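Source: prediction; values computed, not measured. One-based numbering, in listed order, for ligands and for the atoms of each. These numbers come from the heavy atoms of this one structure, side chains and all, not from hydrogens, waters or symmetry mates.
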Amino acid sequence: LRIGLVGAGNVGGGVIELLRMNRDLIASRAGAPIEIVAAAARDVERAKSRHGDDLRWTTDWREIAAAEDVDVVVELMGGTGEARECLLAAIGAGKPVVTANKALLAERGDEIFARASEAGTCLMYEAAIAGAIPVVKALSESLAANRIASIVGILNGTCNYILTSMEKGEGSFEECLAKAQRLGFAEADPTLDVGGIDAAHKICLLGRLAMGTPLDFGKVIVRGIREIDSEDISFAGEMGYRVRLLAIAKRDENSGVELMVYPTLLPQGHIMAKVDGSMNAVQIASDAAGETICYGAGAGGLPTASAVVSDLIDIACGRGNVPGDAAPLCKIVPAPEVRAHSFYMRMSVADEPGVLSRVSGILAEEGISIGSVVQREGDGEEPVDLVMILHRNRFGCVLSSVERIGELGQVAGKVKVFPVETFA
Ligand code: HSE
């Protein structure tokens, strides 16, 4: 199988390395050698010095998509502009494509899946979701007989690394982010990681694959981790929880699907709360198989290359996937209607009479029940933190009460609210 590689960054470099490292084993599993015959990189001299000049290097991906001697195009350049043109050109030329580009598939995937379907061409994207973890194959093959009730994922290693490092007192948000960037998990633009957008791209694709949700990225609820500070982590810990950025696709009682990425409090004993550092995990609840969990490296050159090359082996063996009819099977639940098990709410309030009753009055008017209240004793002068756990409710209702509470004169700064899930 002759490969045209587009993009020689962290993951592209990993693919080159892996195909060299396990050359014979991969050839025996694929039934034939898998070789990169041409590669495109923005900086060819740099790519040559890193990966050798025995490949045919170019700066122009168009040469790769059109090359007669390229059987499969592997797109690892990222972004949603040229990467889209590259995939469409390769599909138009009848070449199977493999991509790790979750942003492109989540935001413009309808067009790309449709073109591949019309052309009868394979489109493979195991590497787009959770790096090395074989979740696309788990859902489309191993669990194919199941109706999937929910998927709960830790799908962004950078965010998990930052949250767990802050939990261990290893530094501020900015320090932990800088370390994640140095270690190579973060996106070129890390605002996609910390803003929750990268995880949202992935859950959008998982929802489509497992439950038939439309690829409507604008309807995914997305909240990143910038608002979480060490005080939240410490309050959560005191109450028996840990904070993780969860990506959730869950059927509701009306056959809609909730799609959401949110910093979420989880009981400390929950298996997803134990996912540490840059690791990813995906917990799938299905009707026949029950609960299954996949855990592993969600980022990095070689781990992500492992997923890319597994797709290449599938294509070589005739097991490549041509997208079928992608008519959506269900609706995405509108954001205000989505429910959480309970909510964590934290605000800074004046330490004076009547504040608690004003806050609880608003909650009562909105029909929100309070589960518990924590306030650290103040001196009556400085504002104090007030933390509440609110019982199960809709996001819409909770967020509108938060807005009202934020307008009270005794409340300083922003009122924070995050869901709590137990998955019990
Ligand atoms: N930047 C992502 C992460 C990896 O930190 O998990 C690629 O999706």
Considering the heavy atoms of D198, write down every atom of ligand 1 situated less than 4.0 Å from one of them. 2 (C), 8 (O)
Taking distance alone, with N or O pairs closer than 3.5 Å, would you say N280 contacts ligand 1? no
Evaluation steps, ring pair (Phe, Tyr, Trp, His ring centres under 6.0 Å), between Y125 and F113: CA-CA 11 Å; Y125 58 98; F113 283 111; 5.7 Å; yes
Return the residue, atom name and 0.1 Å-rounded distance of the protein heavy atom closest to atom 6 (O) of ligand 1. G157 N, 2.6 Å
Is it true that, when you exclude R46 itself, more than 12 heavy atoms of the residues, nucleotides or ligands shown sit nearer than 6.0 Å to its CZ? no
Taking only heavy atoms of T158 into account, list the atoms of ligand 1 that are under 4.0 Å away from them. 3 (C), 5 (O), 6 (O)
Taking all atoms of both residues into account, what is the closest heavy-atom pair of H270 and T422, and its distance? CD2-O, 3.5 Å
Going by the atom numbers of ligand 1, which of them fall below 4.0 Å from some non-hydrogen atom of D193? 1 (N), 2 (C), 3 (C), 5 (O)
Which of the atoms of ligand 1 are close to K102, meaning less than 4.0 Å from one of its heavy atoms? 7 (C), 8 (O)
Any idea how Y344 and F418 line up, ring-wise: parallel (<30°), tilted (30 to 60°), or perpendicular (>60°)? parallel
Decide whether D60 and T58 meet the rule of one side-chain donor and one side-chain acceptor closer than 3.5 Å. no
